Amino acid sequence: MSIKIQREISQILIEDVKFNLDEKSFESEFELHIIKKRMFHELVEGEANFEEILEALESFVGTSNMDVYLIDVCPQLDRLCDLYGMPD
Amino acid sequence: MPRRRTRFKTLSRDLKKLQGRTPEAGSNEANFLDFLTGKTNIQVFNKVPEGGKVRYRISILPFALSPTGNTPDQRYKAAITAYSFAGLKERTGLTIAACGIEFTVEGNKENELFYPALIKPTYSSAATNLRPAATRSAVTNESYTHERTRTFSIPFGRTTTDVKDAQSGAAETNISDVDELDVLRSLRQELATNQNEANRPLTIGYEPELFKPQVGAKDATAEADIIITGIDTN
């Protein structure tokens, strides 16, 4: 998988951190973001397949259904599909 | 096997249920049919101007390597778009030195496997050429609100400019002691405390630095491991 696509997918699965005036809370959310990003890239670098990544992310974000989780980020998915075409 | 996903799954199912009958005018199914037959189209508003898409080479001192100093031969070439560079200069309040960016000089290394770490702040935008704040879906014609934003992807590398140690909080003075988290946290702090409130980001994202691993290469632990017999080099 190219790094560009890898980064697009991680952008969809791991959302950016919303700015928060509460510095402590913003900082801790950003630290979690860093951990998730690094974990995602380690999974990909470790040649895990997409199914394994999804399962690991499901347990990490605390959902048993990644499909439902992804519905929230559907607009970004659409953007990705527009950019790279639908997977077959 | 990757999971198969279908776009507009629910709308497609609802349309199939009609079994060829014409959907009621103004219904989601009728609007979706208009979309499928090309009567309505999704418009792309946030078009970066051609000049903004141009990628420029800059140089970065990678975190993955231990530098002996900040010399040109230890810096790697990376790219930034004119759009993101304009955002860095005009909106972020950051300096290029604080991002560890320098312009290319003789001796900088070229390595296509190197992908610099990125910090990606997103800002509110008042630009009128973006999607209107109150708009309608091209697929279902339902109204929705849209936040106009601009996101810049800014590469960063080792630097001692405005960087504090992530653990001790002390200013970093030795380039080899600086790590990715030190710079990332310093940049995040700088973005979040921008004196110009209009230029405080809505969101901040991050992508780690990567040296893409060589795929399909065999380990060579000794010269004899590399078999060169029968290879014509003339």
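Below, chains carry the letters A, B, ... as their sequence lines are ordered, and counting in each starts from 1. Please read all numbers here as calculations on a predicted model, not as lab measurements.
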Answer with side chain, backbone, both or neither: which region of Glu31(A) has an atom nearer than 4.5 Å to a non-hydrogen atom of chain B? side chain
Test of understanding: with side chain to side chain donor-acceptor pair (under 3.5 Å), list the residues that count as partners of Asn31(B), not counting sequence neighbours. none
Under 4.5 Å from a heavy atom of chain A, the part of Thr193(B) involved: neither
Nearest heavy-atom neighbours spanning Val183(B) and Ala98(B): CG1-O, 4.0 Å
So if I take each residue of residues 143-152 of chain B and look for any heavy atom under 4.5 Å from a heavy atom in chain A, which residues do I end up with? none
I'd like to check the ring-ring contact (aromatic ring centres under 6.0 Å, His included) partners of Tyr56(B); sequence neighbours left out, ordered by chain and number. none
Taking every heavy-atom pair that is under 4.5 Å apart, which of Leu181(B), Leu202(B), Leu210(B), Thr203(B) has the most such pairs with chain A? Thr203(B)
What I'd like to find out is whether the side chain of Arg7(A) reaches to under 4.5 Å of the side chain of Leu118(B), using heavy atoms alone. yes
With chain A, which of Arg185(B), Gln189(B), Arg200(B) has the greatest number of heavy-atom pairs at distances under 4.5 Å? Arg185(B)
Salt bridge flag under 4.0 Å for residues Glu23(A) and Arg188(B): yes
Ring-plane angle category for Phe26(A) and Phe19(A), please: parallel below 30°, perpendicular beyond 60°, tilted otherwise. perpendicular
Hey, mind stepping through Lys120(B) and Gln11(A) against side-chain hydrogen bond (donor to acceptor under 3.5 Å, both in side chains) and telling me if it holds? CA-CA 10 Å; Lys120(B) 301 168 85 169; Gln11(A) 174 86 14; 3.3 Å; yes
Which region of Ile204(B), side chain (C-beta onward) or backbone (N, CA, C, O), has a non-hydrogen atom less than 4.5 Å from a non-hydrogen atom of chain A, or is it both or neither? both
Partners passing salt bridge (charged side-chain N to carboxylate O under 4.0 Å, His left out) against Arg38(A) (at least two apart in sequence or in another chain): Glu180(B)
